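On a predicted model such as this, the values are computed, not experimentally measured, just so you know.
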Amino acid sequence: MYQYLVPTEDRDIQFCDFSNLNEEDAHNEMRRWTGIPFKCFHSPMNQVVMIRLPNGYNGIYTKMDHMTMDSSSLILFYQDVLQIYCAKRYGTEMPKPMQPYIQQLIKDLNYEANSSERQRDEAFWMEEIKKSEPMYTDFNGMGRLITQRRENHNPNQRSASIRFKSPIAAISTYQLEKEPSDRLMRFCEENQVPMVCLLLMGIRTVLSKFNNNEKDVSIKSCVSRRGTLSEKRSGGTRIHFFPLRTIMESEITFLEGIHIMQKEQNCIFRHANYDPIEQMVRRVQYWNAPERTSYESLSLTYQPLTIREKDIKDAPEIPYKSYWYSNGVAAQPLYLTVMHRVEDNGLNFNFEYQKDAVTDYEMEYFYYYLCRVLFRGIENSERTIGEILEMI
């Protein structure tokens, strides 16, 4: 399959006035737009609409095919739009010119052409695979694995199928208030640890709790692969997901666990250009696991970027809000994206979930325990994993 890029965009931008509706009706209409798929061939893979809401907000609705844009490039796109607006409205500086994407594309193609870097990454991942077989830990407890062990007549099975009948999906968002969000951020700053590692530590502790205090826990962790300027300003989807596996004894402290997470995450970063699908296929084949099974039940993305007009010199403070609509389908049962709210920099926990796989109760239950772990951990980071498991 080939993807073509046009040199210029000559379509008119649509304008839609919702000011005579109530706000929820406006959101429902944009949700309806989001559920309409793009034509796959000979068709633009994006839609941009200027909108007017009933409460005085004016803004932009965007729908993008994920092959052409990921969340990092979408936020940078919005930042450029905002900077252009402020330049036109308030006389501030225009955004810097875009980076040429061809140079980065050539680098990516050269990497895939059996480069020495790709060979090193492949050797790293094969070494990781061969260490030992991981253990599947489900977001809803041990029932799924136990059932499949019984069905497959294999009491030692360590992977599980997480494919469900229907990909129909929705998004549920849980908003953590500003003050507790600030406490999490402050903990990370004081201990010089990344927020994503704190979140990963919280998730792996909950998965351990739900699976009979299992020590061997794996999570699919997102790597955005935007470390250089040319990567940062590139379009396309540069996100790769890799398994982040940790084996932690109950005597390890919460802060020690975060440092273990950080070390494992750094290893992944150094080898993140490798094809993650190939890595997962090779792992299942090496351990002779049942076809289409996995060792991870959920995925995590932490998105630290926000759209902030205070980054634009001499621009007045502009109030904003943002919404994320589901397109109605999902490729995995549970995918957590943690983002900062543009209004107050508090944390939103966005759970995209397959309705056939997860109930509202199960999701809220998981979020409740995740918050308990995080705040029990940061209030005394010398608490051991075993102590936290007993407390929650």
Does some side-chain heavy atom of F242 sit less than 4.5 Å from a side-chain heavy atom of I219? no
Can a donor-acceptor pair be found between the side chains of D65 and T68 at a distance below 3.5 Å? no
Distance only, no hydrogens: is a donor on one side chain within 3.5 Å (strictly under) of an acceptor on the other, for E364 and Y368? no
Side chains of N348 and R341: any donor to acceptor distance under 3.5 Å? yes
Taking the six-membered ring for Trp, are F210 and Y369 ring centroids under 6.0 Å apart? yes
Counting N and O atoms only, with roles assigned by atom type, does the side chain of H240 sit under 3.5 Å from a partner on the main chain of A272, one being a donor and the other an acceptor? yes
Is it the case that the side chains of Y78 and T62 hold a donor-acceptor pair, with the cut-off being a distance below 3.5 Å and no angle test? yes
Among side-chain atoms of S221 and Q265, is any donor-acceptor pair under 3.5 angstrom? yes
Kindly indicate whether the side chain of V49, heavy atoms from C-beta on, has any atom under 4.5 Å from the side chain of Q47. yes
Side-chain donor-acceptor pair under 3.5 Å between S234 and Q104, yes or no? no
Less than 4.5 Å apart, any side-chain heavy atom of V223 and any of F269? yes
Determine whether E122 and D275 make a side-chain contact, defined as any pair of heavy atoms from C-beta on separated by less than 4.5 Å. no
Quick one: do R225 and N273 satisfy side chain to side chain donor-acceptor pair (under 3.5 Å)? Show the steps, please. CA-CA 7 Å; R225 300 194 306 133; N273 285 325; 2.8 Å; yes
Applying the 4.5 Å side-chain criterion to the ILVMFWY set and letting contacts propagate, would Y136 and I247 be lumped into a single cluster? no
Any non-hydrogen side-chain atom of L200 less than 4.5 Å from a side-chain atom of V196? yes
Test item: S294 side-chain N/O and E296 main-chain N/O as donor-acceptor pair under 3.5 Å: yes
Between T384 (side chain) and T253 (backbone), is there a donor-acceptor pair under 3.5 Å? no
Donor-acceptor contact below 3.5 Å, side chain W287 vs main chain I129: yes
Quick one: hydrophobic cluster around V329, which other residues, with the 4.5 Å side-chain cut-off, linked directly or via members? I168
Y365 and N140: side chain donor to acceptor below 3.5 Å: no
Answer whether the closest heavy-atom distance between the side chains of F18 and R52 falls below 4.5 Å. no
Side chains of Q332 and S299: do they bring a donor and an acceptor to under 3.5 Å? yes
Ignoring hydrogens and geometry beyond distance, is a side-chain donor-acceptor pair present between T301 and Y335 at under 3.5 Å? yes
Check the side chains of N46 and R11 for a donor-acceptor pair under 3.5 angstrom, ignoring hydrogens and angles. yes
Side-chain heavy-atom pair F241, I277 within 4.5 angstrom cut-off: no
Check: N350 and V338 side chains under 4.5 Å, non-hydrogen atoms: no
So among R238, Q303, R226, which one has a side-chain hydrogen bond (donor to acceptor under 3.5 Å, both in side chains) with D70? R226
So does S159 get a backbone contact from the side chain of Q157, meaning a donor-acceptor N/O pair under 3.5 Å? yes
Please tell me whether T337 and Y302 have a donor and an acceptor in their side chains that are separated by less than 3.5 angstrom. no
Does the pair F187 and M185 meet the rule for a side chain to side chain contact (heavy atoms under 4.5 Å, CB included), with working shown? CA-CA 5 Å; F187 172 86; M185 292 294 293; over 6 Å; no
Less than 3.5 Å apart, any donor N or O on the side chain of S132 or R245 sitting next to an acceptor on the other? yes
Have D360 and Y353 got a donor and an acceptor in their side chains that come within less than 3.5 Å? yes
Would you confirm whether the ring centroid of Y174 sits within less than 6.0 angstrom of the ring centroid of F366? no
Walk me through whether L207 and S297 qualify under side chain to side chain contact (heavy atoms under 4.5 Å, CB included). CA-CA 9 Å; L207 290 174; S297 64; 4.0 Å; yes
